[in-house]
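All values below come from the heavy atoms of this structure, side chains included, with hydrogens, waters and symmetry mates left out. Starting from 1, each residue takes its place in the sequence as its number.
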Amino acid sequence: MVNLGQTTIELIFGFIALLIAAKILGKTQISQLTPFDFISAMVLGELVGNSVYDPEIKIWSILYALILWTALIFTVEKLTQKFRGLRRTFEGNPSIIIRQGKIDRDQLKQNHLDIDQLQQMLRQQKDIFSIREVEYMILEPNGQISVMKKPKYESPTLEDLSLKQKPAYLPITLISDGMVVKDNLRESGHDEEWLLNQLKKRNVTKFEDALYAEWVEDEGFFCLKMNGQ
């Protein structure tokens, strides 16, 4: 027979413990979770859910399991913030599915997508009903998509304003969290010496003092300092 008093205590205890764990880990909304975050949240719930109805498991066992799991996830979160390589392992990388209006079939295969799914994502998430409108589409690690439309399909369109159309360029991240993204820097056609000179013009003397920096072909260099300026 189920001990209602014990079950009540364990449920209340588990609720409070999960709330504290969520606060410590600082999770975002479910739609923004990476696959690793989603699995972590499920395991936390299972640790409490399975133990509540198992009379052999005591409250202190639940507490130990929650503390250990929360500590592991918290450690992983801190390591991914510090080491970019680990960030790619646990969080994944964004994939450019459409580049300059052309679909990258290799990226489609790698992300297990077909054309029908691609069109569905564009319709549901961005209200885009034709692939011809898309200049760039990026599949984010959390499964959401980011889209840059072709200039003539922007609202209001350049055709409506009788303006000359300009090519669209994708911003290239050069510095993220104080670390130089070397692959992107090479893709932009620049080197670290050039990047440091650009930072010095903005009173930033070290890469570590830049929170974020990007390059856009037609707009040039942009950066944010660690202090937010």
Side-chain angles (χ1 to χ4, degrees), residues 22-29 31-41 70-102 104 106-107 110-111 126 134-149 151 154 166-229:
K23 291 292 183 181
I24 293 174
L25 297 176
K27 293 302 181 186
T28 56
Q29 299 176 6
S31 62
Q32 297 173 321
L33 294 180
T34 64
F36 179 75
D37 293 329
F38 181 68
I39 293 171
S40 300
T70 301
L72 288 172
I73 301 303
F74 184 78
T75 300
V76 169
E77 294 286 348
K78 290 300 180 182
L79 288 174
T80 55
Q81 291 174 10
K82 187 173 182 180
F83 301 105
R84 193 169 191 87
L86 286 177
R87 188 182 307 178
R88 294 175 180 175
T89 300
F90 286 100
E91 298 180 1
N93 287 324
S95 302
I96 302 178
I97 305 297
I98 299 177
R99 185 192 298 268
Q100 295 180 333
K102 297 180 180 179
D104 189 327
D106 290 335
Q107 288 295 326
Q110 289 179 21
N111 290 280
K126 298 298 178 182
V134 181
E135 184 74 7
Y136 287 94
M137 171 184 155
I138 300 174
L139 180 62
E140 306 293 353
N142 62 8
Q144 300 294 307
I145 61 172
S146 302
V147 173
M148 178 187 289
K149 288 185 176 182
E154 292 289 352
K166 298 194 311 182
Y169 297 99
L170 190 67
I172 301 175
T173 300
L174 302 181
I175 295 178
S176 177
D177 292 329
M179 298 181 64
V180 178
V181 186
K182 295 184 180 180
D183 292 343
N184 289 357
L185 183 60
R186 284 194 295 269
E187 184 180 339
S188 72
H190 301 100
D191 55 23
E192 291 191 7
E193 182 179 355
W194 172 88
L195 180 57
L196 187 58
N197 288 334
Q198 294 296 318
L199 292 174
K200 288 180 178 178
K201 292 178 181 178
R202 293 157 178 82
N203 298 319
V204 180
T205 57
K206 298 184 299 183
F207 296 134
E208 294 81 3
D209 293 335
L211 176 65
Y212 174 81
E214 71 174 25
W215 168 263
V216 183
E217 187 67 32
D218 58 344
E219 294 185 21
F221 184 78
F222 170 79
C223 79
L224 290 173
K225 300 178 183 177
M226 279 293 184
N227 58 13
Q229 298 179 356

Do you know which two heavy atoms are closest between D106 and D104, and how far apart they sit?
N-OD1, 3.0 Å

Strictly distance-based, threshold 3.5 Å: is any side-chain N or O of N184 a donor or acceptor partner for the main-chain N or O of T173?
yes

Any side-chain heavy-atom pair from V216 and I172 closer than 4.5 angstrom?
no

Let's go through F207 and L195 carefully: what are the C-alpha distance in whole Å and the side-chain angles of both, what is the deciding distance for side chain to side chain contact (heavy atoms under 4.5 Å, CB included) to 0.1 Å, and is it a yes or a no?
CA-CA 9 Å; F207 296 134; L195 180 57; 3.8 Å; yes

Nearest 0.5 Å, please: how far is CD in E214 from CG in L170?
9.5 Å

Find the distance between CD1 (I138) and CD1 (I96) and round it off to the nearest 0.5 Å.
5.0 Å

With a 4.5 Å heavy-atom cut-off, do E135 and K149 have their side chains touching?
no

Are the side chains of M148 and P171 in touch, meaning some heavy atoms are under 4.5 Å apart?
yes

Do R202 and F221 make a side-chain contact, defined as non-hydrogen atoms from C-beta onward lying under 4.5 Å apart?
yes

Nearest 0.5 Å, what's the NZ-CE distance between K126 and M137?
10.0 Å

NZ/K200 to NZ/K206 distance, rounded to the nearest 0.5 angstrom?
12.5 Å

Quick one, N203 with K225, criterion side chain to side chain contact (heavy atoms under 4.5 Å, CB included). Give me CA distance, side-chain angles, the key distance, then yes/no.
CA-CA 9 Å; N203 298 319; K225 300 178 183 177; 3.9 Å; yes

Passes side chain to side chain contact (heavy atoms under 4.5 Å, CB included), L174 versus S188? Steps please.
CA-CA 9 Å; L174 302 181; S188 72; 3.9 Å; yes

How close do E140 and P94 get, counting heavy atoms only, and between which atoms?
OE1-CB, 3.7 Å

All heavy atoms of Y169 vs all of Y136, minimum pair found to be C-CE1, 4.4 Å

Quick one: does I175's side chain get under 4.5 Å of L199's, heavy atoms only?
yes

